[in-house]
Amino acid sequence: MPKYVAETIAAISTPPGEGAISIVRLSGDDAVELANTVFKGKDLTKVPTHTINYGHIVDPQTKRTIDEVMVSVMRAPKTFTREDVVEINTHGGIVATNRVLQLLIAAGARPAEPGEFTKRAFLNGRIDLTEAESVMDIIRAKTDRAAQVAVDQLGGNLRQLIGNLRQDIVNVLAQVEVNIDYPEYDTDQMTVQAMGDCARDASKRIDGLLQTAQGGKILREGLATAIVGRPNVGKSSLLNYLLHEDKAIVTDVAGTTRDVLEEYVNVRGVPLRLVDTAGIHDTNDKVEKIGVERSRKALTAADLVLLVLDASEPLTDEDRELLTETKAKKRIVVLNKQDLKSAITPSELAQYVEPSELISTSILTAIGVDELEGRIAKLFFGGIENSQTNVVVTNARQIGLLRQAQTSLQAVLDGIDAGMPVDLIQIDLTGAWDKLGEITGEAAPDELITTLFTQFCVGK
């Protein structure tokens, strides 16, 4: 891929606010020369590449010292962008950092757009689109497991797998072209068989990737989880246990929680956006009514429902209503307060709950909560654990393109069964090859690339 040539860009690459250090980054053919115009210390144009140099940033106009700094000089092509890169480490703080950036812009650098450093890495062939997306996944990772999947993808695991798929398809497409141009050297039957074998094999490999799609998407975006139940069954106690802190007020007074509480928590590597809802029940209290309405909205929007029942009390009409209402949702029914005498019989629950959905707990004494956490992880990481590949698909764009490629491959097989001509079947096989190319960026339209990188933060 030819080198992408553009003006030198500059941006602050650390979050705004106070801290030990801030980093101002430049990238471009003039990065070293521009930094040298505001740096007092060694001549940066003569220092060895990949060195860090002590000095001061000085305003060339007023000769005033702005900050004491360490400046890293990295010459192309062994940099993230494959351009000359300079990183100025200043003391953390808004004023000094912004002043350094403004001096660089006055010297001739252009303010970087969101994600422009990573975009240049892509355009200069340093990374593909899957690796670019993994950069943002690392930044946004909410659990160790999510971070590790992103790091693996940054290492090129998905790129290599997609590359192998595309190569196998293009080999067959080349054979088809030979058959069309020189039919005396091949037969239609042999070419059709090769296309069929290729489509079946590629479809199977894509199936393996798509098995990881649900778990991968959850790792990337988190799982909306609603804790529901009637008042005083232990919802807030469950939230506090999973958070390992007393976030929600817990009393034996029904209706203590009157609004929806949201918190992120890591459960066995699953990032949950936990929503502790107000108890769902009939009430004349104006404030409680608002809380119940919000609870029902949270229930509707949830990816996972933790329905908490009080095992020490007989099933109520409100319990039965919630059991029926959540039947179509992905759920775990938590039969709580097992430390007390049980008032609910298995036969009563059998008509509402599958055995695999039920967990018995005593949140007060921590009985069964580890099993609940394990059930959550197994429920959503089954595809990842059972997959034949260690590559995990993590976002909707990749998932959508894989499914489109699979649709094209199925069209190849349908065309073969229908006895369609080789050149028409070839169109669908080429379509699958193109869709796979969009995943890595080899066949991605410019509009997609622009949109993708605008989702990044400035300075990355």
Side-chain angles (χ1 to χ4, degrees), residues 6-28 30-41 44 47 49-59 64-76 78-122 124 126-127 131-144 146-148 150-151 154 220 264 452-460:
E7 61 223 296
T8 298
I9 56 173
I12 299 169
S13 292
T14 43
E18 295 182 3
I21 62 168
S22 291
I23 298 174
V24 181
R25 177 183 289 168
L26 296 102
S27 181
D30 300 325
V32 179
E33 288 75 12
L34 289 179
N36 202 47
T37 64
V38 300
F39 180 71
K40 184 178 180 181
L44 297 179
V47 301
T49 184
H50 292 76
T51 58
I52 187 163
N53 306 274
Y54 168 78
H56 295 81
I57 298 296
V58 177
D59 187 329
R64 180 183 173 188
T65 298
I66 303 302
D67 199 3
E68 184 181 31
V69 298
M70 300 291 287
V71 178
S72 301
V73 175
M74 295 163 279
R75 294 283 190 177
K78 292 184 177 181
T79 68
F80 179 62
T81 61
R82 283 194 174 163
E83 301 171 337
D84 286 351
V85 172
V86 174
E87 291 186 349
I88 302 173
N89 292 257
T90 72
H91 287 98
I94 297 172
V95 176
T97 311
N98 277 327
R99 189 75 181 107
V100 172
L101 177 61
Q102 292 308 315
L103 286 178
L104 294 170
I105 292 171
R110 173 174 65 74
E113 298 172 357
E116 190 167 3
F117 291 94
T118 308
K119 183 178 181 180
R120 289 189 176 200
F122 166 72
N124 288 329
R126 170 69 172 74
I127 58 175
E131 292 165 307
E133 288 170 320
S134 71
V135 170
M136 187 54 65
D137 288 349
I138 291 173
I139 293 170
R140 293 175 176 170
K142 298 177 179 67
T143 66
D144 289 343
Q148 187 56 57
V151 168
L154 182 59
R220 190 173 196 261
Y264 273 98
L452 189 149
F453 286 105
T454 56
Q455 298 173 22
F456 284 57
C457 52
V458 174
K460 190 60 189 169

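- Proximity of T118 to I127: side-chain heavy atoms (C-beta onward) are separated by under 4.5 Å at one or more points.
- A heavy-atom distance below 4.5 Å is found between the side chains of V100 and I66.
- Residues F39 and I88 form no side-chain contact, since every pair of their non-hydrogen atoms from C-beta on lies 4.5 Å or further apart.
- If you take CD on E87 and OG on S27, they are separated by 10.0 Å, rounding to the nearest 0.5 Å.
- Proximity of a side-chain donor or acceptor of N124 to a complementary backbone N or O of T81 within less than 3.5 Å is detected.
- Heavy atoms only, all atoms of each residue included: T97 and H91 are closest at OG1-O, 3.9 Å.
- Proximity of a side-chain donor or acceptor of T79 to a complementary backbone N or O of A76 within less than 3.5 Å is not detected.
- When all heavy atoms are compared, the tightest approach of L34 to L104 is O-CD2, 4.1 Å.
- The backbone N or O of I21 lies less than 3.5 Å from no partner atom in the side chain of N89, so there is not a single donor-acceptor pair.
- For T8 (side chain) and D30 (main-chain N/O), a donor-acceptor pair under 3.5 Å exists by modelled atom type.
- Contact record, L26 with A35: CD1-CB, 4.4 Å, taken as the closest heavy-atom pair.
- For S134, the side chain to side chain donor-acceptor pair (under 3.5 Å) test picks out no residue, with sequence neighbours left out.
- Minimum interatomic distance between V71 and L44 (heavy atoms only, all atoms of both residues): CG1-CD1, 4.0 Å.
- Taking all atoms of both residues into account, the shortest heavy-atom contact from A96 to D67 is CB-OD2, 4.0 Å.
- Between D59 and the options R64, R99, K40, a salt bridge (Lys or Arg N to Asp or Glu O under 4.0 Å) holds for only R99.
- Atom CD1 in I23 sits 12.0 Å away from atom CE in M70 (nearest 0.5 Å).
- Residues E131 and R126 are not in side-chain contact: their nearest non-hydrogen atoms beyond the backbone lie 4.5 Å or more apart.
- Atoms CZ and CD, on R25 and E116 in that order, are 12.0 Å from each other to the nearest 0.5 Å.
- When the side chain to side chain donor-acceptor pair (under 3.5 Å) test is applied to E68, the partners found at least two apart in sequence or on another chain are Y54.
- Between K78 and H50, the closest heavy-atom pair is O-NE2, 2.8 Å.
- The CZ atom of R110 lies 10.0 Å from the CD1 atom of I105; values are rounded to the nearest 0.5 Å.
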